[in-house]
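The structure under discussion appears below in the form of structure tokens.
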Amino acid sequence: MSHSVVITRTTTTTTSTSHLVLNTGYLRTTPGLLKLAQLIIGAVNVGLVAYYIRRYPTSGLPASAEFFFLLMAVAFLVGTFCLLASCLVSLSTGGIISKTIYELVYHTIAFLLYLIASIMLLVDVTNGRYYHTIKDAYMAGRRSLE
């Protein structure tokens, strides 16, 4: 009985400084670029929401839509950083972790919770709670175009 065998070769570029090995070739792959983009977008989200929570405090209670959004953004920013860091530090992690169910579960939960937090924040914004802030930003943008 004959069977076929597929051999896959992976070329990995590494940068070695003393005992730390970085798998810099992982950032050239699609999963690596997507994780990097996710990390950057998450950092922008955390920065913007943290800025507006400090600048425009709504109440003394942290049970608000912006706090929930900030909580989800920070949680998944840390999780994505850990995933990216583990793939960059280990030569085999990038190939192994993508074959497990962990990334699918992580990104599914992250997507759903980010979506819920975004919808809650959008509902708060459209209900007029941020009317003056949005109006000021709109007027500043309009004046710059004139």
Side-chain angles (χ1 to χ4, degrees), residues 6 8-146:
V6 177
T8 305
R9 292 183 185 206
T10 304
T11 305
T12 305
T13 307
T14 62
T15 305
S16 178
T17 57
S18 68
H19 298 290
L20 181 66
V21 176
L22 289 179
N23 184 6
T24 55
Y26 182 73
L27 289 178
R28 293 189 198 113
T29 64
T30 304
L33 288 174
L34 287 175
K35 280 186 189 71
L36 184 64
Q38 185 177 348
L39 190 71
I40 291 169
I41 291 171
V44 168
N45 281 338
V46 168
L48 287 174
V49 175
Y51 170 77
Y52 279 106
I53 281 179
R54 285 187 63 109
R55 178 141 180 155
Y56 305 105
T58 55
S59 66
L61 299 174
S64 60
E66 35 319 275
F67 184 74
F68 181 62
F69 186 86
L70 182 64
L71 185 68
M72 291 301 105
V74 168
F76 294 117
L77 177 67
V78 170
T80 302
F81 174 76
C82 290
L83 270 173
L84 185 62
S86 66
C87 291
L88 287 176
V89 172
S90 173
L91 295 176
S92 61
T93 301
I96 293 172
I97 212 163
S98 63
K99 291 179 176 70
T100 64
I101 195 77
Y102 175 75
E103 274 199 349
L104 177 67
V105 171
Y106 172 79
H107 290 297
T108 302
I109 292 172
F111 171 75
L112 290 175
L113 288 175
Y114 245 134
L115 183 66
I116 291 168
S118 300
I119 289 172
M120 287 175 59
L121 189 59
L122 188 62
V123 166
D124 259 9
V125 167
T126 56
N127 280 342
R129 188 165 145 198
Y130 299 96
Y131 177 73
H132 297 293
T133 305
I134 294 171
K135 183 180 173 190
D136 293 343
Y138 171 72
M139 292 304 287
R142 188 168 176 202
R143 285 187 191 137
S144 67
L145 292 175
E146 293 176 353

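In this chain, residues are counted from 1 in sequence order.
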Can you tell me how far [atom2] of [Y] sits from [atom1] of [X], rounded to the nearest 0.5 angstrom?
{"X": "Phe76", "Y": "Asn45", "atom1": "CZ", "atom2": "CG", "value": "12.5 Å"}
{"X": "Leu121", "Y": "Ile116", "atom1": "CG", "atom2": "CD1", "value": "13.5 Å"}
{"X": "Lys35", "Y": "Ile40", "atom1": "NZ", "atom2": "CD1", "value": "14.0 Å"}

Listed by chain and number, what are the side-chain contact (heavy atoms from CB on, under 4.5 Å) partners of [X], not counting sequence neighbours?
{"X": "Ile96", "answer": "Ser92"}
{"X": "Ile119", "answer": "Leu115, Val123"}
{"X": "Ser118", "answer": "Phe69"}
{"X": "Leu39", "answer": "Leu77, Thr80, Phe81, Leu84"}

- Message: Using a 3.5 Å distance criterion without hydrogens, assess whether the side chain of Ser86 forms a donor-acceptor pair with backbone atoms of Leu83.
- Response: yes
- Task: Please assess Phe68 against Met72 for the test side-chain contact (heavy atoms from CB on, under 4.5 Å), listing each intermediate value before the final yes or no.
- Result: CA-CA 6 Å; Phe68 181 62; Met72 291 301 105; 3.8 Å; yes
- Query: Is any side-chain heavy atom of Val89 less than 4.5 Å from a side-chain heavy atom of Asn23?
  - Reply: no
Looking at [X] and [Y], what are the two nearest heavy atoms and their distance?
{"X": "Ile97", "Y": "Glu103", "result": "CG2-OE2, 3.7 Å"}
{"X": "Ala50", "Y": "Leu70", "result": "N-CD1, 4.1 Å"}
{"X": "Pro31", "Y": "Tyr26", "result": "CB-OH, 3.7 Å"}

- Message: According to salt bridge (charged side-chain N to carboxylate O under 4.0 Å, His left out), does anything in residues 82-93 pair up with another residue at least two apart or in another chain? List the pairs.
- Response: none
- By side chain to side chain donor-acceptor pair (under 3.5 Å), which residues pair with Tyr102, not counting sequence neighbours? none
- Task: Please assess Leu88 against Thr24 for the test side-chain contact (heavy atoms from CB on, under 4.5 Å), listing each intermediate value before the final yes or no.
- Result: CA-CA 6 Å; Leu88 287 176; Thr24 55; 5.9 Å; no
